[in-house]
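See structure below.
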Amino acid sequence: MLNDQSWRELSQAALHRKDSSIQALFEAEDRAARFSARLPYTDGGTSSEMLFDFSKTLIDDEVLALLLRMAEDSGLAARREAMFTGARINETEGRAVLHTMLRGTPDPSLPQADIASMQATRARMAALCEAVRSGAYSGPGGRFTDIVNIGIGGSDLGPAMASIALSPFRTGPRTHFLSNVDPAHANWILSEMNPARTLVLIASKTFTTTETMANARIVRNWLQTAVADPAAQMVAISSDAAKAGEWGIPPERVFGFGDYIGGRYSVWGPVGLSLMLTVGPERFNQFLAGAAHMDQHFRTAPMAQNLPVLLALSGVWHAQGCGYPTRAVLPYDQRLARLPAYLQQLEMESNGKRVAMDGSDLPCDSGPVVWGEPGTNGQHAFYQLIHQGTRIIPCEFLVAAKGCYPEQQAQHRLLVANCLAQAKALMTGRSLEEARARMAAAGLTGAELERQARHRVFPGNRPSVMLAYHRLTPFTLGMILALYEHRVFVEGVLLGINSFDQWGVELGKELALTLEPMLSGERPDGGIDGSTQQMVRFMRSEASG
Ligand SMILES: O=P(O)(O)OC[C@H]1O[C@](O)(CO)[C@@H](O)[C@@H]1O
């Protein structure tokens, strides 16, 4: 864990650069090349590179050296090895953290029994996919046309995001994702499907999550209206085979995983079954191979050229150094529309913590609020504030050089041009003089010219980083997600926190269980605060009307 002095040094460095110009930093030779890193990869026989550019920030040589020193002082290298080799780094739950084992070649030092069980489960997943896709396993109405994945949080966001991202690669049934306990979600999703041709996956590591179990009951009732044996069309993705058995789901259709796979890190295993069903085992393996390529890079590349490390350090600089409370993730890639939501869980559930591993208060801010939307849509919504608001919001752009549709590459270029333009506009801005010249050219004079010009000033000097890649494929998606997982890990190590527990989600869940009987009238509503009591009474009276 880093000492207070390191954090003070970082804040001091940010304070000293408060009025510095990002553009001026480009006077130094080769800034763009020196403040970026590339990772070569081969995807489907094509050699490409992933490029991470952090030159449009106030990180200079001195700041980079400081950040790299902080990474070294935090014990990152040892911590990283501890993760890959299965040490119990999730200390508050006494667990190892081994999602990396699910992709690529597992470290030989890992327990052979765990590796064998992971491989056997993967083989069973592939066999189920083949049976579904060939029609050997089908519903009473024929071959499965639709799959509904019932899950929430880590048992939903990964496959939901990835199935949109890889939609051009779909060769199997359509997938639908049911997560919210609001019955509107189930009704909306089920209205699109035929129960006699729908395969239901109940994805819950614990098989106790209220939302998932409530939705599973709705779906079972829906199946019952049309089929004689609903359990015959159900698959469980869970570590608790006994609980799945209580639903009539036989062991051969239960896909489990060890407690060393956290929910938000679980898309690589059985939680990714819906993805495997829709894109097929071969492409799912490419997805894993992309992640394994990033794992290898993260584990072996020098810190100063290591993409996850550099991405994390840019994050630490902006969140803890400069004190910017949020970060926008802006994929110029419509197929990554759900990436911001996925990253919200990955980053905020992992690093939204106020105490260090040893229970002491953090000497700095926790991880930032992560939010975003794909470009160019966001440009017509919230970019106004990003460009001209009073607060600085560091932006993270993602963009592919090539689209998936060769016949529309010219339109794809428009997308890329917008992405590059936004990053440039954030940095360069538009001065008052330029704005005045524009107003004068439009024929304005005097006080009106001055007034109108001020509305057209872009302060600029707003930081952004960019991740560019060849094309969004299963392989590159795997690389991108693993990059973000490791980024979260590195930031967590620097903060000295446990990125792998999530105690902060418990209190609200517990209270919901005590409030529900008050809403139904089964329990008196005494002993709660006045505001909540007023709401309980309002809901009860309005619901009875
Ligand atoms: O897979 P489960 O056990 O249903 O849990 C779902 C999600 O709930 C959480 O525990 C948070 O409430 C997440 O961490 C997890 O991904």
Side-chain angles (χ1 to χ4, degrees), residues 89-99 102 121 125 148-163 177-182 185-186 200-220 234-247 249 254-275 338-353 366-367 370 481 484-485 488-489 492 497-513 515-516:
I89 61 167
N90 175 354
E91 292 178 22
T92 57
E93 296 180 309
R95 294 175 182 170
V97 173
L98 279 174
H99 45 277
L102 296 174
T121 305
M125 285 166 65
V148 58
N149 182 85
I150 313 172
I152 196 162
S155 297
D156 165 71
L157 287 162
M161 174 270 301
S163 68
F177 293 87
L178 171 54
S179 52
N180 199 329
V181 76
D182 182 345
H185 199 187
V200 176
L201 313 183
I202 308 178
S204 175
K205 189 174 159 183
T206 53
F207 231 67
T208 57
T209 302
T210 313
E211 292 92 330
T212 303
M213 293 302 117
N215 278 327
R217 280 189 288 274
I218 293 188
V219 174
R220 185 170 57 185
M234 289 179 151
V235 169
I237 296 165
S238 180
S239 306
D240 199 329
K243 286 211 176 70
E246 290 166 18
W247 282 68
I249 304 173
V254 179
F255 296 87
F257 49 104
D259 67 2
Y260 42 78
I261 308 294
R264 53 193 176 276
Y265 298 89
S266 62
V267 66
W268 318 101
V271 168
L273 181 59
S274 53
L275 181 66
R338 295 285 286 157
L339 182 71
Y342 171 80
L343 293 181
Q344 280 177 335
Q345 188 198 18
L346 182 66
E347 299 200 25
M348 292 158 78
E349 200 165 86
S350 297
N351 289 345
K353 288 159 193 172
S366 63
V370 177
L481 300 190
Y484 273 96
E485 284 180 351
V488 168
F489 175 79
I497 61 179
N498 180 4
S499 297
F500 299 102
D501 61 13
Q502 56 283 320
W503 301 110
V505 303
E506 297 300 329
L507 179 58
K509 284 190 202 173
E510 285 165 24
L511 289 177
L513 292 179
L515 289 175
E516 198 274 332

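Because the structure is predicted, anything quoted here is derived from the model rather than measured. For ligands, and for the atoms within them, numbers begin at 1 and follow the listed sequence.
- Looking only at distances, no side-chain donor or acceptor of H99 sits under 3.5 Å from a matching main-chain atom of Y265.
- Ligand 1 lies under 4.0 Å from heavy atoms of I152, G153, G154, S155, S204, K205, T206, T209, G263, Q345, E349, Q502, V505, K509.
- We find the CG-OG1 distance between L513 and T210 to be 5.5 Å, quoted to the nearest 0.5 Å.
- Every residue two or more places apart in sequence or in another chain was checked for a salt bridge (Lys or Arg N to Asp or Glu O under 4.0 Å) with E516, and none qualifies.
- Residue L102 comes nearest to G269 through the heavy atom pair CD1-N, 3.6 Å, listed as atom of the first residue, atom of the second, then distance.
- The side-chain hydrogen bond (donor to acceptor under 3.5 Å, both in side chains) check on T208 picks up T206, with sequence neighbours excluded.
- Identified under the salt bridge (Lys or Arg N to Asp or Glu O under 4.0 Å) test for residues 341-350, with sequence neighbours left out: R264-E349, R327-E347, E347-R487.
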